[in-house]
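Chain A is the first sequence line, chain B the second, and so forth, proteins listed ahead of strands; every chain is numbered from 1. Scope of the values below: all heavy atoms of this structure, side chains included, with no hydrogens, waters or symmetry mates.
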Amino acid sequence: MNKLFIAPYYQNTYTGILSKIYLDHILSFDHNRNSIVTRAYGGGDQLISEKPISETRTLNGFQSLIQNLSPNQIIISPKFKKNILIPNIIANQLLSSDKYSDKFKLADLILVNNHLDYQKILSLNIAPSKIQQFSLPFSLTPEVRQRKLDLGIFNDFFKFYFIGEYGPNKDTIKSTILAFADTFKNQDCLLVLWLTCTASERSEMLEFYQKTKQSLGIVNQLDNIIFICRPIDYSEISAIHNSCDIYLATNSDYYPFIDEQFAIAFDKHIISREQITVSYSPSVTNTEQGEYIGSIPIDGLGHKMLDKFNNRNVSHKKHKNKPTLYSLI
Amino acid sequence: MINPTFATRNLIRSAEPTPSTISALYYTNNSMFDVILETVDCLSLIKTSKSHSLIDQIEYDCVISSDPIELTDMVKHIKNLHMKPILFMHNPLPKFFKKEDRYLLSEALSGTPSCCMTMAAYIDSLMKTSAYIEYGLPTFDINKNKRKSILIINTKKNDKLSSIFQMMKNIHNDAEMITSFADISLNDTISIFNDYAVVLALDNYIDILSALSCGCSCVTNLEMQNYAVNSIKDFRNIESTLNHLIYGYNVLEHISVSSNIQNNYPIKKFQQKIELFIKNSITG
């Protein structure tokens with residue numbers, strides 16, 4: 001009991017969910033050694049109803065302090081032989097200033113689960129040897145693997161899916177609707193958009209979808225885009241990844257990495273932002289036939305979606321394995 | 001604004017083995033309790049009050065308050081900053097508190113370790129699992145030649161008490177009024193009390209108990225079980241009551257009360273029990 005792990009693992013937020021995944025992973029490996037003492041940062045009790053035993057323990061020594069916190073919450077403690085950071089980086093905190101760079105410089109090891117974080121920390125003049133990438137540890141138990149979304153008549157359709165907040169992804173979402181509607185006019189394909197949005201934003205999207213169908217001349221076709229408009233819950237994350245086929249990793253917000261990692265864990269095909277052009281902003285022109293929605297970004301996302309759909313039975317390149325978190329701490 | 005690393009530092013401290021010295025953020029009660037609590041060896045009290053902001057440069061093991069209403073307002077914040085709230089109850093809740101208010105308070109404070117310092121507070125306790133620890137006072141020889149007439153304890157800045165003080169000061173030049181127990185040691189407090197024949201104090205049982213242990217004749221509105229005090233319900237005829245006690249004071253009538261209190265409230269026992277209670281509270 002000489003390593004202390006501090007993280008917000010009670011909170012039902014993206015950072016909380018990540019922390020919970022780290023906690024489960026660390027404790028599952030540490031089961032026989034009992035070298036980990038944990039403490040939950042911040043309030044909330046939505047993700048865990050019972051305290052893990054590790055939280056009732058106290059330290060017998062001061063070997064490593066492992067903090068999975070935001071840079072402003074992190075401290076470097078000289079009491080511990082090793083200060084290990086798994087920073088919860090909110091993009092602006094690091095991009096706007098280097099006021100946290102001292103903490104990173106003083107840390108013994110910085111662990112990140114994605115390349116973007118790696119690049120950001122590297123840009124703070126931190127020695128590359130101090131930064132390590134790890135693969136997000138999932139324990140896909142049979143129970144987790146069985147969780148599925150019930151999509152009724154669409155259960156057997158081929159499904160593309162996107163998860164994100166409407167605000168920062170407005171243009172991406174509209175482009176995706178446009179590209180999907182145009183590309184998959186007569187196929188048993190479904191687009192699931194799991195969005196955090198307001199009622200008026202939902203109406204705006206539905207209206208946009210109907211106008212898109214109108215301009216494409218497919219008004220009578222079955223609506224094959226599903227809008228689920230509420231924040232995603234921990235148990236639902238695995239269900240959507242488990243139920244759908246191609247993950248659209250085109251979210252411009254900062255926390256999609258967890259979804260990308262889930263998609264990897266479920267061995268799903270991924271269309272990532274780097275692979276396509278989604279800068280398209282739809283424009284609406286009034287014509288005699290009604291409203292016409294401007295040029296379709298078919299050359300980017302639509303082509304890629306079609307390509308993935310046509311090759312749906314071809315196994316894709318396995319995602320490269322990185323070291324696990326436990327092996328690094 | 002509180003430094004976000006403050007909560008992290010408190011968390012690290014909470015993971016360390018129980019420290020020999022417990023660092024406590026202490027919301028003062030402004031009574032003799034502040035003075036006797038400071039004598040508990042294992043406690044390092046960082047005193048504060050409602051008007052002061054939280055000192056976030058030090059890590060704390062717990063936050064101690066004697067005011068359930070004040071603590072209710074802060075309890076969520078305290079827990080989010082990873083400190084243990086601890087409640088000391090000195091008096092029953094005010095009589096105007098309705099059942100619903102009591103329920104809301106007990107819900108908000110559920111899981112908060114609490115300790116009642118008087119039997120009246122214990123019987124009326126909000127929490128089912130409250131501890132009961134009696135106050136502790138040191139043993140000392142009382143001053144048999146009281147040099148001064150009257151001491152008024154007015155820590156709640158009661159206007160009526162202030163005007164009584166002015167009135168008494170006009171008659172007795174040596175009359176004094178205490179408005180704060182901050183930065184006074186136990187010995188100093190005892191020697192102050194020891195000088196006076198009469199003490200007028202409202203609100204705090206421990207203040208009266210301390211005055212009685214110093215052989216003072218006490219005037220109060222509190223119900224003091226087991227000990228004879230001069231009870232008042234209002235301030236009518238207060239001047240004549242006080243003068244009657246001052247002029248008629250006879251130390252011999254107070255020696256046995258003083259020794260009873262000193263025997264019945266041993267400070268060592270108080271210190272040991274408080275230490276155990278606080279250590280259990282922060283590790284529980």
field: With sequence neighbours excluded, residues passing ring-ring contact (aromatic ring centres under 6.0 Å, His included) with B/Tyr265
entry: none

task: Give, as side chain, backbone, both or neither, the part of A/Glu55 having an atom under 4.5 angstrom from any heavy atom of chain B.
output: neither

- prompt: Got a second to check how far B/Leu81's CG is from A/Tyr41's OH, nearest 0.5 Å?
  reply: 7.5 Å

Inter-residue atom distance A/Ile76.CD1 - B/Thr5.OG1, 0.5 Å rounding: 11.0 Å

message: Can you confirm whether B/Asp41 is buried at CG, in the sense that more than 12 heavy atoms of other residues, nucleotides or ligands lie under 6.0 Å from that atom?
response: no

statement: With sequence neighbours left out, the residues meeting side chain to side chain contact (heavy atoms under 4.5 Å, CB included) with B/Asp101 are B/Phe97, B/Lys98

Contacts with chain A made by residues 8-20 of chain B (heavy-atom distance under 4.5 Å), listed by residue number: B/Thr8, B/Arg9, B/Leu11, B/Ile12, B/Ser14, B/Ala15, B/Glu16, B/Pro17

message: Is it the case that atom NZ in B/Lys76 sees more than 12 heavy atoms from other parts of the structure closer than 6.0 Å?
response: no

field: Contacts of type ring-ring contact (aromatic ring centres under 6.0 Å, His included), residue B/Phe270, not counting sequence neighbours
entry: none

- prompt: Of the backbone (N, CA, C, O) and the side chain (C-beta and beyond), which part of A/Ile74 lies under 4.5 Å from a heavy atom of chain B, both, or neither?
  reply: backbone

